[in-house]
Amino acid sequence: MLNQFINNFKSIILATMDENNSPFNSYAPFIKYNNKYYVYLSDMAKHARNLKSNPKVSIFFIEDENNCENIFARKRVVFQANSSILQRGSEKFELILDKFEKLDEKTVKMTRKMNDFHLFELEVNYGEAVFGFGRAYNIGGKNFDELIQRDNQKGHTSK
């Protein structure tokens, strides 16, 4: 269920911390490879500058509100991750950029030559998922791809 949900997305919402230690949300196309997420960002983008100064990032996937069954219970997954920049020209850098080219060949071929673009590797260290009312999970497993029922979840209550 988790991977099937994430596989529907071509971009992710990123939450980073800015120079004033305030949250900043944006989005970027991504590639998932070997259980890590990759985004290709320009220094002109605030979230790239934020990641360079603070490697902590939150990655968010959320069901389109136009397609959801209930606006209060949209399916969503959030991961907490640490970012690092891949060395330009390294084997992994070239491999991941080749995968990005399949998303948009023209744009990636053009930006591949621009030195202000950086390939960030996002390594997940925690996650949560909600797939409807009363269906909230922690995400675990070696590859952070397993839904884990919450032990102390009592569910919703009323007066």
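Every heavy atom of this structure was used, including side-chain atoms; hydrogens, water molecules and symmetry mates were not. Throughout, numbering of the chain's residues begins at 1 and tracks the sequence.
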**Message:** Can a donor-acceptor pair be found, under 3.5 Å and without considering hydrogens, that links the side chain of Tyr40 to the backbone of Thr111?
**Reply:** yes

**Nearest-0.5 Å distance that lies between atom CD1 in Ile96 and atom NZ in Lys36** = 10.0 Å

**Prompt:** Considering only heavy atoms from C-beta outward, does the side chain of Leu14 approach that of Tyr27 to under 4.5 Å?
**Reply:** no

**Request:** Write down the atom of Asn25, the atom of Ala15, and the distance for their closest heavy-atom approach.
**Result:** OD1-CB, 3.1 Å

**Asked** Same cluster or not: are Met17 and Leu122 linked, directly or through other Ile, Leu, Val, Met, Phe, Trp or Tyr residues, by side-chain heavy atoms under 4.5 angstrom apart?
**Response** no

**Request:** Anything under 30° is parallel, anything over 60° is perpendicular, the rest tilted; go ahead and classify Phe5 against Phe131.
**Result:** perpendicular

**Beyond-backbone contact of Val57 with Asn82, side-chain heavy atoms, under 4.5 angstrom** = no

**Request:** State whether the side chain of Asn54 and the backbone N or O of Asn50 hold a donor-acceptor pair below 3.5 Å, judged by distance alone.
**Result:** no

**Request:** Could you tell me the separation between the CG atom of Leu95 and the CZ atom of Phe100, rounded to the nearest 0.5 Å?
**Result:** 11.5 Å

**Request:** Show your working on side chain to side chain contact (heavy atoms under 4.5 Å, CB included) between Gln80 and Val124 and close with a plain yes or no.
**Result:** CA-CA 6 Å; Gln80 303 305 319; Val124 173; over 6 Å; no

**Fill in**
CG of Leu86 to CG of Leu119, rounded to nearest 0.5 Å, is 4.5 Å

**Request:** Considering only NZ, NE, NH1 and NH2 on the basic side and carboxylate oxygens on the acidic side, decide whether Glu63 and Arg74 come within less than 4.0 Å.
**Result:** no

**Message:** Are the side chains of His118 and Leu41 in contact, using a 4.5 Å heavy-atom criterion?
**Reply:** no

**Item:** Note, Ile139 side chain near Asp145 side chain (heavy atom, < 4.5 Å)
**Value:** no

**Prompt:** Can Phe144 be reached from Val39 by stepping across I, L, V, M, F, W or Y side chains whose heavy atoms are under 4.5 Å apart?
**Reply:** yes

**Item:** Passing candidate, side-chain contact (heavy atoms from CB on, under 4.5 Å) with Arg135, options Met1, Gln149, Lys75
**Value:** Met1

**Item:** Same apolar cluster (I L V M F W Y, side chains within < 4.5 Å links), Ile6/Leu103
**Value:** no

**Prompt:** Using 4.0 Å as the upper bound for N to carboxylate O, is an ion pair formed by Arg150 and Glu128?
**Reply:** yes

**Message:** Could you check whether any side-chain N or O of Asn20 sits under 3.5 Å from a backbone N or O of Ser22, counting only pairs where one atom can act as donor and the other as acceptor?
**Reply:** no

**Prompt:** Which value, rounded to the nearest 0.5 Å, describes the distance between Asn34 atom CG and Glu121 atom CD?
**Reply:** 9.5 Å

**Salt-bridge criterion met for Arg88 and Glu94 (N-O under 4.0 Å)** = no

**Message:** If the threshold is 4.0 Å, N to carboxylate O, is there a salt bridge linking Glu19 and Arg49?
**Reply:** no

**Item:** Salt bridge present between Asp104 and Lys10 (N-O < 4.0 angstrom)
**Value:** no

**Request:** Please name the pair of heavy atoms, one in Ser58 and one in Val78, separated by the smallest distance, quoted to 0.1 Å.
**Result:** OG-CG2, 3.3 Å

**Asked** Checking Lys46 against Phe24: charged group under 6.0 Å from the ring centre and within 45 degrees of the axis?
**Response** yes

**Prompt:** From Lys56 NZ over to Ser83 OG, what is the distance, rounded to the nearest 0.5 angstrom?
**Reply:** 10.0 Å

**Item:** Ser42 versus Ala48, closest heavy-atom pair with distance
**Value:** O-CB, 3.0 Å

**Asked** Does one hydrophobic cluster hold both Phe61 and Tyr137, with members joined at side-chain heavy-atom distances below 4.5 Å?
**Response** yes

**Request:** Assess whether atom CD of Gln87 is packed by more than 12 heavy atoms of other residues, nucleotides or ligands within 6.0 Å.
**Result:** no

**Message:** When you compare the side chains of His47 and Ser26, does any donor N or O come within less than 3.5 Å of an acceptor on the partner?
**Reply:** yes

**Message:** Are Ile59 and Ile13 packed together at the side-chain level, in the sense that at least one heavy-atom pair is separated by less than 4.5 angstrom?
**Reply:** no

**Prompt:** In terms of hydrophobic clusters joined by side-chain contacts under 4.5 Å, are Phe9 and Val77 together?
**Reply:** yes

**Message:** If you apply the rule side chain to side chain contact (heavy atoms under 4.5 Å, CB included), what do you find for Leu2 with Glu146, and how did you get there?
**Reply:** CA-CA 7 Å; Leu2 178 63; Glu146 297 174 23; over 6 Å; no

**Asked** Among Tyr37, Tyr126, Phe30, Phe60, which residue meets the ring pair (Phe, Tyr, Trp, His ring centres under 6.0 Å) test with Phe79?
**Response** Tyr37

**Request:** Measure the shortest side-chain to side-chain distance between Tyr38 and Phe120 over non-hydrogen atoms and say whether it is less than 4.5 angstrom.
**Result:** no

